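Shown next, in structure tokens, is the structure this report addresses.
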Amino acid sequence: MEKLIITAAICGAEVMKEHNEYVPYTIEEIQREAYGAYQAGAAIIHLHVREDDGTPTQDKARFEQAITAIKEVCPDVLIQPSTGGTVGMSNDDRLQPIELNPEMCTLDCGSVNFGGDEVFINTENDIKYFAQKIYERNILPELECFGKMHVDQVLRLYKKGVIKDHLHFSFVLGVNGGQTGEERDFLFLKDSLPLNATYSVAGIGRYEFPLAELAIIHGGHVRVGLEDNLYLDKGVKAKGNKELVEKVVKLAKIHNRSIASPSEARQILGLKE
Ligand code: KMH
Ligand code: ZN
């Protein structure tokens, strides 16, 4: 089986220090959390950034500062800025970090309710616009799908040539308003993919580790981090992203799956060194 790529979603845009004190806001905190995750075995850092008071931002300069700080301590790690930002941001605001020409970034492949009145909007035309801007710069998009209909949307756009090889999906399951993260959901999604695609699974909240284990067993890849889940165990808050990545590494050992270095992750994803 392919080596396991671990992505650490270290920051997010919605979770706050009130939820877990280790959620990073400042550049120094982002650097600390990225380094801890990398030391534990993460090959990819899925990156959101904040103002010092925790306000989410897609400001290009702030991303540049964060990426520079991360590269100082883990020069080879793959950095995957979010183009999702947070609910309510404009498309061009969300797209700012791609101007830094990262190797990867996210591409959100459909709309989803986020609870209450919040809708994370990604219309078909939005997806086309993001795809055009991302491919123009030769960036590999991670195709974020919050449910099966988003996977179907990607496959339709793939047939039309809007979305291109290499297809690397991220199933984000268990969002309040999205598809749940039970085993049957996972199997349904992974079995819907073309054979040449790769995928990673991000389970929200209590789904994080059960889905990580399923992905490990079935040859997929895994995303964990404070963006998705604040707890190491039931009732026990994680003391940072490092602990969450360490737990995945332990699960991988149990199932005899080796961990991909950033360089091996690049090979698996078809990225140039
Ligand atoms: N914060 C969510 C609204 C992404 O990074 O591309 C969107 C998100 C997805 O986190
Ligand atoms: Zn994100």
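If you're wondering where the values come from, they're calculated on a predicted model, not measured in any experiment. One-based numbering, in listed order, for ligands and for the atoms of each.
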task: Look up atom CD in Gln96 and atom CG in Asp59, then write down how far apart they are to the nearest 0.5 Å.
output: 5.5 Å
- request: Using only heavy-atom distances, determine whether the side chains of Asp53 and Thr55 contain a donor-acceptor pair under 3.5 Å.
  value: yes
- prompt: Which is it for Asn241 and Tyr35 under the side chain to side chain donor-acceptor pair (under 3.5 Å) test, yes or no, and what are the steps along the way?
  reply: CA-CA 9 Å; Asn241 287 278; Tyr35 186 54; over 6 Å; no
- prompt: Near ligand 1, which protein residues have a heavy atom under 4.0 Å away?
  reply: Glu14, His46, His48, Ser82, Gly84, Gly85, Thr86, Thr106, Asp108, Phe114, Phe120, Glu144, Glu227
List the atom pairs, with distances to 0.1 Å, where a side-chain N or O of residues 2-10 and a protein N or O form a donor-acceptor pair under 3.5 Å, not counting sequence neighbours.
from : atom 1 : to     : atom 2 : distance (Å)
Glu2 : OE1    : His221 : NE2    : 3.1
Lys3 : NZ     : Glu264 : OE2    : 3.0

message: When you measure from the centre of the six-membered ring of Tyr158, is the NZ or CZ of Lys164 closer than 6.0 Å and no more than 45° off the axis?
response: no
query: Taking only protein atoms, how many N, O or S atoms are found under 2.8 Å from the Zn ion (ligand 2)?
result: 3
task: Inspect the contact between Arg94 and Asp126 and indicate whether a charged nitrogen and a carboxylate oxygen are less than 4.0 angstrom apart.
output: no
task: May I ask you to check whether Phe171 and His150 place their ring centres under 6.0 Å from each other?
output: no
Note: Arg137-Glu103 ion pair, threshold 4.0 Å (strictly below): no
- request: Sequence neighbours left out, what passes side-chain contact (heavy atoms from CB on, under 4.5 Å) with Ile217? Give chain and number order.
  value: Glu213, His255
